[in-house]
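See below for the structure under consideration.
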Amino acid sequence: AALAISAPPVAAQSTYTFSVSVDFTGPFADIMPSWHAGQRAMFAYWNDTKGKELGIKADYKVYDMRYDAALVASSWPGILAKDKPIMHLGMGTPDLVSLGKRLPRDEVPMIMPTAMVGLMWAPNGWHFSFRPTYSQEFAALLAELQKNLPQKRALRIATVSTQGKPGYEDQVNGVVHLAKTYPDRFAMASFVWIEDNPVSATDRIRTALRDNPDVFIVGATTAQAVSTLKALKELGRRVPIITSSQNGLPFLVSVLDPADVEGSYSVFAFAPSVEATKAQEMFKKYHSGQGVWDLSASQAAAQTLLALRTLERAAKTAGKDKVSGSAMYQALLAGPVSSDDMLGLTPAIAFDKSRPFPIGQVQAKAITVKNKQIVPVGAGWLPSPELSKW
Amino acid sequence: MTATDVVATPATGAPLLQLKNVEVAFNGVIQVLHSVNMEVPRGKIVVFLGGNGAGKTTTLKAISSLLAIDDGAVTGGGILFDGQEIANRDPAQTVRAGIVQVLEGRKVFGHLTVEQNLRLGLHLCSDRAIAERERERCLELFPALRGLLERQAGYLSGGEMQMLLVSRALLLQPRLLLLDEPSMGLAPLLVRQIFGALARINRERGLAMLLVEQNARAALEIADHAYIIENGRIVMHGAAADMRNNEDIREFYLGLSVGREKKSFRDVKHYKRRKRWLG
Amino acid sequence: MNSFLQALASGTLTGLLYGLIALSFVVIYRAARIVNLAQGEVLMAGAFTIWMMTLAAGLPTLLGSGLALLAAALIGLVIERLVFRPLIGRPTTTIVLASVALIIVLRGASQMVFGPETRPFPQVLPAGAFKLGPLHLNLALTIGAVLTLVVTEALHRFFMNTKAGLRLSAVAEDHMTALSMGISVRRSAAIAWALGASLSALAAAIYLSGAALDVSVAGIGLRALPVALLGGMESVRGATLAGVLVGVGESLASTYLDRHTSGAMSQVFPFLVMIALMLIRPQGLFGWKVIERV
Amino acid sequence: MTVEPALEAVDLKVSFGAIKALDGVSLRVDAGQILSVIGPNGAGKSSLLNCLSGVYRPHSGRVLFHGRDITALAPHRRAALGVARTFQGIQSYASMTVRQNILAGFHCRMKTGLLDALLYWPRAQREEREFSARAEEIIEFLELEELRHTLVGELGYGLRKRVDLGRALALGPSVLVLDEPMAGMSVEEKADLARFVLDIRAAHNTPVILVEHDMEVVMDISDQVLVMEWGRAIALGAPAEVRIDARVINAYLGAEEP
Amino acid sequence: MLPSGVFFRDFAAEAAYLRTGPQRLALALFVLALVLLPALAGAYLVGVITLMFVTMIAVLGLQITVGMAGMINIGQSAFVGIGAFVSASLASKLGWPFWLTLPAAALAAGVSSLLFGLPALRIKGFYLALTTVAAQIVFPIGIARLPSAWFGGSSGLAVEPVSIFGHALLKQHELYYFNLAFVLLFALLAFNLKRTRVGRALIAVRDNDIAASVLGVNIGYYKLVAFFVGAVFAGVAGALLGYVVSYVTTDHFTLWLSIWYISMLIVGGMGSPLGAIFGTVVITALQESLHALGNAAAARFGSDFGAFIFPATNSVLGVLIIAILVFQPHGLLTGWNTLKAAYRIWPYRHHGG
Ligand SMILES: Nc1ncnc2c1ncn2[C@@H]1O[C@H](COP(=O)(O)OP(=O)(O)OP(=O)(O)O)[C@@H](O)[C@H]1O
Ligand SMILES: Nc1ncnc2c1ncn2[C@@H]1O[C@H](COP(=O)(O)OP(=O)(O)OP(=O)(O)O)[C@@H](O)[C@H]1O
Ligand SMILES: [Mg+2]
Ligand SMILES: [Mg+2]
């Protein structure tokens, strides 16, 4: 899986290369056009503005990893040798599991665009995401929902997920941990385990409904979200479901009658694409080729921005022609990147060695369907309750 | 071309089946038949003798176009049926033209009943009345089958299977019947019964047959002509009656020594063999 | 008690869908002796065809779906012609392996043609549910169940009583012998594939009605394969019955056992039943017993 | 003193559904004896042999090998004792060469275990060499030299049967059980095979149980003939006696041969 | 197949795989090339080949179960997974060195394969394929359900690099040699198995189980042996994979991977270990080059073209596999042999009768 897609180099500049994992053939191929558009646009934006100013050209090489850990593992040595990247832009779990351990050795930091999973929550890594764990993102919305309950009681949570898929199971484990940590605010009502593509979830949802959950968390596949909503409709019950970014509301609204999705949520730690941000403006200005400004575009844009802001800082401390992988790593740990620098896509973020996601208060944003329209939930960032590692 | 067309244009005089310099090879490299020439006249029984691996089965399959499934093909010469070239055709076409082969080794449809096996024999016959009549004729020929109609064919005894196979082939209304060792593994009584039935069919319907047999004595009795194949080459042929009296045939195929008395199997000697294994 | 009845009823409905997919395995095996592990991918192709005829081409849903069943038959014919016809006479292993390769091809091809994105699937059968006494039944699955029963009975009669059905059986028994009797193995295989592929498309319509469609729906093929084996690969009625058994079992397992095994049981269940039964009856409930005489 | 029979079956009964394949058959064969079993098709001859070699488990009755009850023994254990057999029809290992077939016949005489096989150290090599030589002797005996590297699946029917015999011989049989070994052979080949059987008997005093439909062979080479019909033994005796037994003629031979 | 004019004096010479001087020379050169490769090839290629070695061991094992014993196994990657998890767990939790984790992984995979192989005692043919699919489905659920202290549950496990005499193998070429040693060893084992009593027994059981049992082969035992040995190879491959990738999760070991293993076997030919090796090389090479081609095309026509070109490469490979089944049913290797045979009898078209 070699070769690359790159912009033409410009002379008399320091040029640095970022390697980028994408997935045009694997399970996330469908969101790739917009995803990659987000990255392209941000590189173009930065090179046109900050890059020009600093005399630095940020180059990028794209590798189709098919979302396959073995492929990532086998490609990486070649990437290192050929591109000498100063930073890798990962795409998902395969990058994490294949590279997580060796990045410190290779002295190349990696920035992730996806939320973390508990299994990657360890100190001293060279990989960082601007998003916390999925469970913490859910927790931010759950806390908001709990606050708005008419009575003062624990929010009853049901989960729908797949057995035997590490990432999906971990989402559930994290929420269970949340309920254990705050028993007065959250309670686990029931667990629904179904296949990725269930024939019908009705039976199991019916059983789950006996425990009167206030929400269903469906963080795994789109098909599960569809099945859950269809089951609820069949059973004549209205319980909101909470999805994540990769199986979020925009698709559900397009497949199902928006009335059925009414009141459900997606939650994630970046600004939703329906919100007006500076990033959206820049995307419109620098966008080329396929793809539109949607959740995956904004997610990838945030990842790219974080990487480029780090380059800015590393160039300042190490000197414009002396940026290296470890300089990038140092720059990442050197203090917060402001929300403005992130073009409004995230709150201010800062890292330390203790964990692979931002330190301090975890915050997220959610969207919901109101009157058949997707709208943001609340105006600001939703704070997530403090959560220890599970 | 349909079966009726073929019947309508009989090239009288010419033999029903003619093999001209037929060569057959498997997998494109292993040649098994070398320039085989052979004729089956109308209404006659031709017996085809030869040792193991001589190429008898291969010849029959070449005629009925069943080689392809074993990766074999006629690579030279021609096979004429009623004056038409039929080598390497679609087997289904060959059957429609009137050539039906009874394969060696009791190939009944084991999971179907005897009745279903027979009905499969009638699958080309669209006229119900004719079908019924033909079926009756067969059951008359082999009355033993009548009591077995509902039995699963895979559990019949060897003799019953062979009767079923011949019946099934007859129901396809062939003009040339190819039989591959029909007496193999049959008890003497049954061998006689089967050969009796074949002779009767030949007599009554004038059905031509090409019969591969190891039981040369029984076969030569009902045959009109005989061919002998060794190592893929026809080495001898002639009228069955002449063959019965040929010295070599008597020794190698009939087990008789000079002077008509039977040689005992106890006395057969082979000296060329060094018996190290026994030592 | 109510939840038991409900589990029974919805298990039966899901099971009949499994049964229908199992039927598509059986038809192809019964008539051509081909074990097609790519049946799930064939179903996926059928689903894409339905999507093309309805949402993409804008035809009325029912008309489009009907046409799609025919188109699916055509896909079946193409697969037969290009992949399995050249393999006539080859050992079972080869044919199973070819079907494994077919999995790769069909997945690749459908991604190439339709792209990888998840898309809405038309509401072929009416959405929603209805009440029957204390029971609560999914409308689409119920209609599908009735269709499945009708199809089962029709196919059963076809195989047992018609000349064409007998011919298919003959081919399934032994290609060489069938050929020697002038039965066209090719034609049988073609009929089998046309039937099998449109059955899969029908199953897709029931399965996906109003849901989402992408490459991953092919996964249902391997969930239905144990069902086909359980019923016996040669038995039409067996497939449907086994479908009901597995469906009900799965549903009961999920109602009563999943609490204790966090969902593991209902996924593993069909395989457990299948392995247990295979040990007692290797040919499945109604399959042909292998006749072994030496 | 009575000789102990090499192989003995006592009152065997086997049925398949309604069919009684064996209905109380007994037989014994002594060292050096050739016992032929004849009878109409479906009489139960193969079923009898299957009981002897352990493919079928009789519903009642016993099988004794040199006085030892082996009724419950699995087929491969009986083979290890030296009960070797060939099959009606072809049951060879089609994808192996002639020599490999015969080498495979040595299976229970060889000792190479899984680990030896994987490592193929000198011990395994030595054994392999030793048995290759013995396989060659059988190949020579059966005159298969030309075909030793031919795949058995490509051989004609008769040659395959000869390979089957070679495979059984490799077992170093103490009883040789042959099910229709001559079916589908020409007279010349039958004579060869008869010769093989007689030679084996002569050299090792191996008892032979032979099922065969060719009456000439049966009459010529057997010491005793057992006649079966409908799962029962209807006659037992020397060939000459059996040949004129009215019941045998009726059930099997049919009236007069030319 | 030999050149004409070669005769043997003894059976040892005939049983040997390398019978002529040139054959021995060719092998020596080949091994030498493998040893020199890291010095000549780029890091990328070395990485790809290292992983290919691991795959090769798994496919060699599959050749024993499927090729020799005729039992279709479409769950090989589950056994690779079991090996990977056991080795990773022993290494990371108990700190075992690789020369202990490797045999343990092999044994664990082998023993667990017996569970799924047991039905083989009664079930034949493709029905058996299903129990191996079951293995594939039960495996991730099992790992997830077992106490996470054992195998890390659904989170998976990190694997520290292999260390030999206190030296950690971190560099790509070190890993390359490490795996090369194992692939050579296991190829040798597979070749040995085929030419001895056990291999013949496996083939006998595949060709005709009743005859085999009557001729002294304990068919139940050998069916289990086939499963066991096949899975032992898988287990070793799994342990090695863990060391190469340095992290194991159930995500690695999917049905899809098993399907590719089978495909490699088909392409090379199931009849011999050489087929397994050949098939692994061919498929890996094709995958890599088609993919590189796709990337190049994507670079030229824009990255969105990738959405088309990459599935296209899969289709091409699938079509290729089917074509091989149709035209070279015994794998590419026999095609080569037929060619040699044709060459030897040239200018004649056929052998005499
Ligand atoms: N599929 C095949 N591939 C290669 N060679 C074959 C194949 N089938 C037959 N042969 C070879 O063709 C030759 C003739 O075989 P054939 O079966 O026609 O003999 P036969 O005369 O019928 O013998 P038998 O009396 O034993 O049945 C044999 O040498 C055999 O090895
Ligand atoms: N495995 C089996 N399953 C069912 N029935 C069987 C089985 N084996 C034998 N039979 C039945 O038992 C009876 C005796 O069969 P067997 O094969 O022993 O006869 P045979 O004397 O060897 O006949 P032939 O001379 O044709 O070989 C037959 O009616 C047969 O159908
Ligand atoms: Mg023959
Ligand atoms: Mg018999």
Side-chain angles (χ1 to χ4, degrees), chain A residues 23-34 66-67 159-164 169 172-173 176 190-204 206-208 210-211 221-227 229-236 246-247 251-257 260 290, chain C residues 3 6-7 9-11 13-15 17-18 21 107-108 111-112 115-121 123 127-131 136-141 144 203 206-220 223 247 250-252 254-256 258-259 261-268:
Chain A
D23 170 27
F24 279 110
T25 22
F28 294 103
D30 55 336
I31 58 171
M32 258 318 113
S34 296
R66 288 177 265 176
Y67 208 69
T159 60
V160 176
S161 188
T162 310
Q163 189 74 192
E169 277 193 42
V172 177
N173 294 342
V176 170
S190 48
F191 303 94
V192 175
W193 298 103
I194 47 178
E195 296 93 0
D196 286 0
N197 276 291
V199 173
S200 155
T202 310
D203 244 29
R204 286 164 224 193
R206 181 202 336 270
T207 320
R210 279 199 215 122
D211 301 315
T221 66
T222 311
Q224 285 183 352
V226 172
S227 293
L229 287 172
K230 281 175 74 177
L232 287 168
K233 181 177 188 191
E234 264 179 47
L235 295 164
Q246 90 280 356
N247 65 336
F251 179 76
L252 296 179
V253 172
S254 74
V255 183
L256 300 167
D257 179 355
D260 298 338
Q290 282 190 347
Chain C
S3 79
Q6 180 65 47
S10 32
L13 293 188
T14 315
L17 174 61
Y18 289 158
I21 304 171
R107 285 190 176 224
Q111 277 203 353
M112 257 163 73
E117 62 265 21
T118 311
R119 68 196 68 222
F121 192 82
Q123 191 76 51
F130 66 98
K131 282 214 158 256
H136 192 95
L137 302 175
N138 179 305
L139 196 52
L141 283 180
I206 301 168
Y207 172 33
L208 295 173
S209 201
L213 165 63
D214 65 14
V215 179
S216 66
V217 301
I220 192 148
R223 256 188 287 157
E250 219 179 75
S251 159
L252 289 179
S254 90
T255 313
Y256 295 106
D258 273 0
R259 279 167 188 279
T261 60
S262 12
M265 211 44 216
S266 53
Q267 278 188 60
V268 181

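Just so it is clear, the values below take in all heavy atoms, side chains as well, and ignore hydrogens, waters and symmetry mates. Chain letters run A, B, ... following the sequence lines, proteins first and then strands; every chain starts at 1.
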task: Taking all heavy atoms of A:K230 and all of C:S209, pick out the closest pair and write down the distance.
output: NZ-O, 2.8 Å
field: For chain A, the option from C:A140, C:S251, C:A211 that forms the most heavy-atom pairs under 4.5 Å
entry: C:A211
- line: When the 4.5 angstrom heavy-atom criterion is applied to A:V199 and chain C, the contacting part is both
task: Please name all residues satisfying salt bridge (charged side-chain N to carboxylate O under 4.0 Å, His left out) with A:E195, sequence neighbours left out, ordered by chain then number.
output: C:R223
- line: When the 4.5 angstrom heavy-atom criterion is applied to A:I31 and chain C, the contacting part is neither
query: Using non-hydrogen atoms only, which part of C:L141 is less than 4.5 Å away from chain A: side chain, backbone, both, or neither?
result: side chain
query: So what's closer than 4.5 Å to chain A heavy atoms on C:I206: side chain, backbone, both or neither?
result: neither
statement: Correct closest heavy-atom pair for A:F251 and C:T118 would be CE1-O, 3.1 Å
task: Compare all side-chain heavy atoms of A:W193 with those of A:T159 and state whether any distance is below 4.5 angstrom.
output: no
statement: Most contact-rich option vs chain C, by heavy-atom pairs under 4.5 angstrom, among A:V192, A:N197, A:V255, is A:N197
task: Measure across C:H136 and A:R206 and return the closest heavy-atom pair with its distance rounded to 0.1 Å.
output: CB-NH1, 3.5 Å
statement: Scored by heavy-atom pairs under 4.5 Å with chain A, the best of C:N138, C:L139, C:L17, C:T14 is C:N138
field: Under 4.5 Å from any heavy atom of chain C - which part of A:K233
entry: neither
query: Highest number of heavy-atom pairs under 4.5 Å with chain C: which of A:L235, A:L256, A:I194, A:L252?
result: A:L235
task: Go through the atoms of C:Y18 and report whether side chain, backbone, both or neither lie under 4.5 Å from a heavy atom of chain A.
output: side chain
field: Short side-chain to backbone donor-acceptor contact, A:T221 and A:D196, under 3.5 Å
entry: yes
field: Minimum heavy-atom distance A:P198-C:Y207, with the two atoms named
entry: O-CE1, 3.7 Å
